Amino acid sequence: MGRKVTLATCSLNQWALDFEGNADRILKSIEIAKVNGAKYRLGPELEIWPVMHHNVRYNCRVLFLNRKILLIRPKMLMANHGIYREMRWFSPWRRLREVEEYFLPRMIQEVTGQDTVPFGDCVLSTKDSCIGTEICAELWSPNSPHIQMGLDGVEIFTNSSASHHELRKADQRVNLIKSATTKSGGIYLYANQKGCDGDRVYYDGCAMVAINGDVVARGAQFSLDDVEVITATLDLEDVRSYRGELCQQRLEGQQKPCHRIKVDFSLSSPNDIHLPTHQPIQWHFHTPEEEISLGPACWLWDYLRRSGQGGFLLPLSGGVDSSSTACIVHCMCVLVCQAVDDGNSQVLKDVRRVVGDESYTPQEPKELCGRIFTTCYMTSENSSQDTCSRARDLAGQIGSAHMNISIDMAVKGILGIFSVVTGRWPQFRANGGSNRENLALQNVQARVRMVLAYLFAQLSLWAHGKPGGLLVLGSANVDESLTGYFTKYDCSSADINPIGGISKSDLKSFLVYCAERFQFAALRGILAAPPTAELEPLTDGQLTQTDEADMGMTYSELSVIGRLRKISKCGPFSMFCKLIHMWKDVFSPTEVAQKVKRFFRMYSVNRHKMTTVTPSYHAESYSPDDNRFDLRPFLYNTRWTWQFRCIDNQVSQMPTTSTSNTEQKTSV
């Protein structure tokens, strides 16, 4: 009958400047699509490099058939917010519905036999349908191109994307694609980049095909497969019936019609009655805990195999943060073993190169951890036996090669140098020292740990007669980075940090998930313990220092404050105005004011630490990462004179307790 079409979309783990590898993955995806009977194959954004037109650089889709370029479609709406700075590299095509001639470079002319090809905002008209193009961020725009294309009769929308992972984001992407074809019908193909492209973000695949508001085929969100191709067979008559029922005829003159490039080609075949069409499927969204176990783990694997190193080293303190990093490495080993069991030859090749053994095949995650993962507990006279035991127990359950290292000798040596030069020996506050002495003594311990971590990372494999080095993993969470509650150039200074964009609250939930899934009993003790840096003297062997007491607020409160600062763009006063309502059942206006002012003092005093923070997996929309996401000054007026005065004036006009608290006290 000639109305059913088989279409393919894909997710590719491309790597910037890896021209040969990128080309191989593109060709492999084309071969798979052809084997599966597809007449059209869609790839992710920038799989074909940028195009210069009239000496202007554009981010383009290049559509071709049988060695002939059909059209070059430049991106019209740039991603220029959040982690994206697309306007630095590309210009948007602003000439709606206009097409020009593009003169092909000589090397391309020799391949295609063409001198010029269409360049601009246009669509393809085949013998049996019409295909339109969107590129990544254009889907997210309030005026997406698919809207007018659909009204002008385009039946198949295609989107080449490079969309990164964030916790709790997948449903937004799926809903946008479903919505694009719910309103006026049509088929939507979505392709996405996957993997770590040598940066802080992880592209999470999720290639999919939708028709008339229903997803009928989808790829994995997290996978170690470098090439994943999704095909679907769909009936064009379903689109036409849907539109005939819901859509009114396009009003003439409403908008300039799409420029159509005619193609002597059919997507469908005359004898297609035997082809079954794909039916709607139910989308399963991962929980945030599952996302943490998968996204950062895939990111770590890409970074490890492409860096040429022999594994990871992690300073394991026995707290929530470093334990979360350790569990993510274990999750990575689970994925690697699963991929090898599934016959992924590329993963097996990579893991053999990492461990330096061409005959090696991983048997199970714990055994693999023992080969590529080293943990070390760096004890001092201020460390408790509890944290030492928790670190040792977790390392044993994960399977890492674990060391216990005392830093006391190094700390005393550094302080001895200071004493020889100045004639003074600083003391902890508990021993009569000042706040400056107390902080300096804490920082010395923290920085010694960083130096030792890199020493052991460089020479641990050498000491065992093995080649290569280890990547040092960091374990500072997003909330600590927000307040600067860490020592600059301490163990937070590492090569990469898989949890630097994840909140403390989410990390705790992740550890609960790991304790249940992997039966890591040590995590229960870690979760029950108060978070502490253990940098001040113990009292009768017990902790006197806790993180939340030092910060003056809980990690849960910090997450709320962080979202207001970044996502809601709040300064001190506007944040106070929101929090007096959000926290009215918990804190009085005076208490809210104290927390807001304390936060902004810490944030502004410590903002300089973000300029050197370890590259971290981007997972949260309120990350304070200074490199490309949260571009702000690092020298603030830390007194916030005008803002704090506005808060004080407002507090003076309000009751000292919230209405809710007053009612509770009255009722009692």
Side-chain angles (χ1 to χ4, degrees), residues 11-15 18 20-21 24-25 28-29 31-32 194-196 202 204-205 219-229 290 293-314 316 325-376 394-403 457 460-473 495-496 498 514 517-520:
S11 295
L12 304 182
N13 194 334
Q14 303 293 70
W15 190 16
D18 180 21
E20 291 180 337
D24 289 343
R25 286 181 283 270
K28 183 178 178 180
S29 70
E31 291 172 0
I32 295 173
K194 70 181 337 185
C196 167
Y202 176 78
D204 58 338
Q221 184 176 9
F222 305 102
S223 167
L224 300 188
D225 295 331
D226 285 346
V227 177
E228 183 182 33
V229 179
E290 291 171 336
S293 74
L294 295 167
C298 292
W299 183 75
L300 282 183
W301 176 245
D302 271 354
Y303 202 99
L304 176 61
R305 68 188 180 118
R306 288 172 170 170
S307 68
Q309 298 302 300
F312 299 114
L313 181 138
L314 171 69
L316 184 60
T325 297
C327 287
I328 289 172
V329 175
H330 177 82
C331 292
M332 181 200 78
C333 292
V334 170
L335 291 174
V336 169
C337 290
Q338 185 177 24
V340 171
D341 289 343
D342 292 341
N344 190 318
S345 59
Q346 183 62 53
V347 172
L348 181 59
K349 179 182 177 182
D350 289 334
V351 76
R352 285 174 171 172
R353 184 192 51 77
V354 169
V355 302
D357 183 351
E358 290 301 317
S359 63
Y360 173 70
T361 299
Q363 301 303 311
E364 48 98 19
K366 186 173 182 179
E367 177 265 338
L368 178 58
C369 271
R371 283 187 173 250
I372 65 173
F373 188 32
T374 298
T375 54
C376 57
L394 180 60
Q397 291 166 18
I398 285 176
S400 64
H402 189 65
M403 300 180 289
S460 287
L461 295 182
W462 168 81
H464 291 89
K466 299 178 180 179
L470 303 174
L471 293 166
V472 179
L473 294 180
D495 293 315
I496 51 175
C514 289
R517 180 182 175 190
F518 303 121
Q519 296 301 301
F520 291 160

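Bear in mind the structure is a predicted one, so any value in this text is a computation, not a measurement. For this chain, numbers begin at 1 and follow the sequence in order.
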Which value, rounded to the nearest 0.5 Å, describes the distance between [X] atom [atom1] and [Y] atom [atom2]?
X    : Y    : atom1 : atom2 : value
K366 : S400 : NZ    : OG    : 10.0 Å
L394 : F520 : CG    : CZ    : 7.0 Å
L348 : T361 : CG    : OG1   : 5.0 Å

Heavy-atom pair with the smallest gap, counting every atom of [X] and [Y]:
X    : Y    : answer
L470 : S460 : CD1-CB, 4.2 Å
L224 : W301 : CD2-CD1, 3.8 Å
E367 : Q363 : OE1-N, 3.1 Å
A457 : L313 : N-CD1, 3.9 Å
L304 : G310 : CD1-C, 4.5 Å
C327 : I398 : N-CD1, 4.1 Å

Listed pairs under 3.5 Å, donor-acceptor, residues 329-343 side chains, sequence neighbours left out:
none

* Structure fact -> By side-chain hydrogen bond (donor to acceptor under 3.5 Å, both in side chains), D357 pairs with (sequence neighbours left out) S359
* To do: With sequence neighbours excluded, give me every salt bridge (Lys or Arg N to Asp or Glu O under 4.0 Å) pair touching residues 345-355.
  => R305-D350
* **Partner of K194 under side-chain contact (heavy atoms from CB on, under 4.5 Å), chosen from D225, D302, D204, D226** => D225
* Is I496 close to W299 at the side-chain level, that is, under 4.5 Å between some pair of heavy atoms? -> yes
* To do: Report yes or no: does R306 contribute a side-chain atom to a donor-acceptor pair with the main-chain N or O of C196 at less than 3.5 Å?
  => yes
